There are 2 protein chains.
Amino acid sequence: MLEDRKQELRERHGIPFRITGIATRRLGWIADPDGLDFASVERAPSPAEGREADQKPANVRDWLKAARADVLFEATALNVETGQPAIDHIRAALEHGAHAITANKGPLVHAYRELRDLAAAQGKRFLFESTVMDGVPIFSLFHELPAIHLQGFHGILNSTTNVILSEMENGLSFDESLKKAQALGVAETDATHDIDGWDAAVKTAALITVLMDVPVSLEDIHREGIRELTTNAVRNGRRDGWPFKLVCRAQRVGNGVKASVAPEKVLSSSPMGKISGTSSYIYFETDIFPGLAITEENPGLYATAYGMLADFVRAVS
Amino acid sequence: MLEDRKQELRERHGIPFRITGIATRRLGWIADPDGLDFASVERAPSPAEGREADQKPANVRDWLKAARADVLFEATALNVETGQPAIDHIRAALEHGAHAITANKGPLVHAYRELRDLAAAQGKRFLFESTVMDGVPIFSLFHELPAIHLQGFHGILNSTTNVILSEMENGLSFDESLKKAQALGVAETDATHDIDGWDAAVKTAALITVLMDVPVSLEDIHREGIRELTTNAVRNGRRDGWPFKLVCRAQRVGNGVKASVAPEKVLSSSPMGKISGTSSYIYFETDIFPGLAITEENPGLYATAYGMLADFVRAVS
């Protein structure tokens, strides 16, 4: 994505850049301040066969230094319980003096305030637009809504469960639907986080933490997945005009927020009833706009990567 | 609105301010660099009875100077043909060295590029978030979507016609529906601009000009109002599940944009079919997000004023 838009970023946004570090489980920490060729690094033999392990940076801090990083793109997998190792990576980047961009929701739930304050103290940006709705600029939107009061929100934020429920409406079993979602590339091999509502709960917690400025832990969110729903129940729901959806909800109550993720029957002609497949939806209730809703229909494959690219432009322009 | 949120703006956003100038048709140009009390100015007798006319600034430039203005809020009525006097006011403010914020769509259609470039040259902001969808940050949203390619959009952007069509569906005549919209405070005394599609066409042109970066004049937009629709046709449309809506459309074609504003029959269960009363809706087609839709449900009375307040925060923070 970055490479695809390299010319446009340079010419239209005045942002020249080069990739000076890559780190993956397979390749380890690779850095070259003069620039790496992404394609050739990807084709490179794994470290055991190739370069000497001891020539390479040993950890994230050495790697950032060796790469002379100005910006870190953090894209490790979600760890629901701890938010690690993403938090350590982001903290290291900010302390090194680089902007930190993540597609990982964990740090928002487990370390948002710390990382936000660290970024401010360092004069760097901590950005995470890809974490919710594939890069639709939800967090930036609220940055553009100063002095507004967000009372609550509801929506459909997990694609895997949405695809599975659609398939079950067509008569497939839960397992068959899951396999189909995996074949489509929507669900991961281990789809537990999606099916049991963890992904949706983490997104809900991230939105509450950042947009409502109320600290919330995952335990505070009532969470039910879709594992208990039978094909019959799902089919009958659709037939009767009240299909099941995995709905995220949050509402201010006193100084806190009441939040849940659970399957709900929604009216088929309602906005949520019409969200199918990989589409997503969120409805914000604010003092100025009683209902402000955003629908993302069938995002392209690059929507999440685009969110990180947009964060990059925000950080460096 | 500004006064309502004065404390919040100062304490939460670090923006202290005072109103140093007010200009209305009745009061003329009033300025006091030490600050004016809005309420007492509003209660003041008209110029003929009160202060000497020659003590007051004679025109917008004198007034900006006398007020030592840092920010201008421009809220004159729309002039479809020329965009004046708003363009002159905004030009004067930018040349004076003030940020210019407008709720008037005319300048976007008649002088966008000039004012944008003038603002850039002066290091000031020219902001206009209130012009479309009552202050929902549509323009800012695209500022947060760098390097995205907008192919087209469609939506419902005029409340007066939407209210009138809803009333006609209930059996009222066109004239009765218009009176009802006026009684509700939605339609102005002279609702010609709304009914004949001018307001929607100007909004469409503004979105094309700013977001698609294609110069377009009002004559380029195919425009039909709702005056020709009979109550019978409108009732039957709703009854048959295909209600009439005044729909704005724009689509890139080659280097240009094809655009229209016209009554269309839309499926009642579609997103546009569900937009009733003062709600509005826009659907953007982009390369990254094939469908990104925003719905504004029943905005509050202060939604437009809020848009100007948000522009103010954007300009000065």
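Numbers restart at 1 for each chain; the letters A, B, ... are given by sequence-line order, proteins then strands. The basis for the numbers below is simple: all heavy atoms, side chains too, and nothing from hydrogens, waters or symmetry mates. Here the structure is a predicted model, which is why all the values come from computation and not from measurement.
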Which heavy atom in [X] sits nearest to a heavy atom in [Y], and how many Å separate them?
| X | Y | result |
| --- | --- | --- |
| Met212(B) | Ala250(B) | SD-CB, 4.5 Å |
| Ala181(B) | Val163(B) | CB-CG1, 3.9 Å |
| Phe139(B) | Ala206(B) | CE2-O, 4.2 Å |

Table up the donor-acceptor pairs between chain A and chain B that sit under 3.5 Å, atom names plus distance.
unit_1, atom_1, unit_2, atom_2, d
Arg5(A), NH1, Ala147(B), O, 2.6
Arg5(A), NH1, Asp287(B), OD2, 3.3
Arg5(A), NH2, Asp287(B), OD2, 3.0
Glu8(A), OE1, His149(B), NE2, 3.3
Glu8(A), OE2, His149(B), NE2, 3.1
His13(A), NE2, Ala147(B), N, 3.4
Ser140(A), OG, Glu144(B), OE1, 3.4
Glu144(A), O, Arg314(B), NH2, 2.5
Glu144(A), OE1, Ser140(B), OG, 3.4
Glu144(A), OE1, Arg314(B), NE, 2.4
Leu145(A), O, Tyr306(B), OH, 3.3
Pro146(A), O, Tyr306(B), OH, 2.6
Ala147(A), N, His13(B), NE2, 3.4
Ala147(A), O, Arg5(B), NH1, 2.6
His149(A), NE2, Glu8(B), OE1, 3.3
His149(A), NE2, Glu8(B), OE2, 3.2
Ser269(A), O, Lys274(B), NZ, 3.1
Lys274(A), NZ, Ser269(B), O, 3.1
Tyr283(A), OH, Glu297(B), OE1, 3.1
Asp287(A), OD2, Arg5(B), NH1, 3.3
Asp287(A), OD2, Arg5(B), NH2, 3.0
Ile288(A), O, Gly300(B), N, 3.4
Gly291(A), O, Glu297(B), N, 2.7
Ala293(A), N, Thr295(B), O, 2.9
Ala293(A), O, Thr295(B), N, 2.8
Thr295(A), N, Ala293(B), O, 2.9
Thr295(A), O, Ala293(B), N, 2.9
Glu297(A), N, Gly291(B), O, 2.7
Glu297(A), OE1, Tyr283(B), OH, 3.1
Gly300(A), N, Ile288(B), O, 3.4
Tyr306(A), OH, Leu145(B), O, 3.3
Tyr306(A), OH, Pro146(B), O, 2.6
Arg314(A), NE, Glu144(B), OE1, 2.4
Arg314(A), NH2, Glu144(B), O, 2.5

When heavy-atom pairs shorter than 4.5 Å are enumerated against chain A, which of [options] gives the highest number?
| options | value |
| --- | --- |
| Pro271(B), Gly273(B), Ala147(B) | Ala147(B) |
| Ala293(B), Gly135(B), Pro290(B) | Ala293(B) |
| Leu145(B), Val313(B), Leu309(B) | Leu145(B) |
| Ala303(B), Gly307(B), Ala305(B) | Ala303(B) |

| query | Looking at side-chain heavy atoms only, is the closest gap between Ile294(B) and Val136(B) below 4.5 Å? | reply | yes
| message | Does any part of the side chain of Leu108(B), heavy atoms only, come nearer than 4.5 Å to the side chain of Val132(B), both counted from C-beta? | response | no
| query | Quick one: ring-ring contact (aromatic ring centres under 6.0 Å, His included) partners of Phe153(B), sequence neighbours excluded? | reply | none
| query | What pairs with Phe244(B) under ring-ring contact (aromatic ring centres under 6.0 Å, His included), at least two apart in sequence or on another chain? | reply | none
| query | Can you check whether Phe289(A) and Phe284(A) have ring centres sitting under 6.0 Å from each other? | reply | no
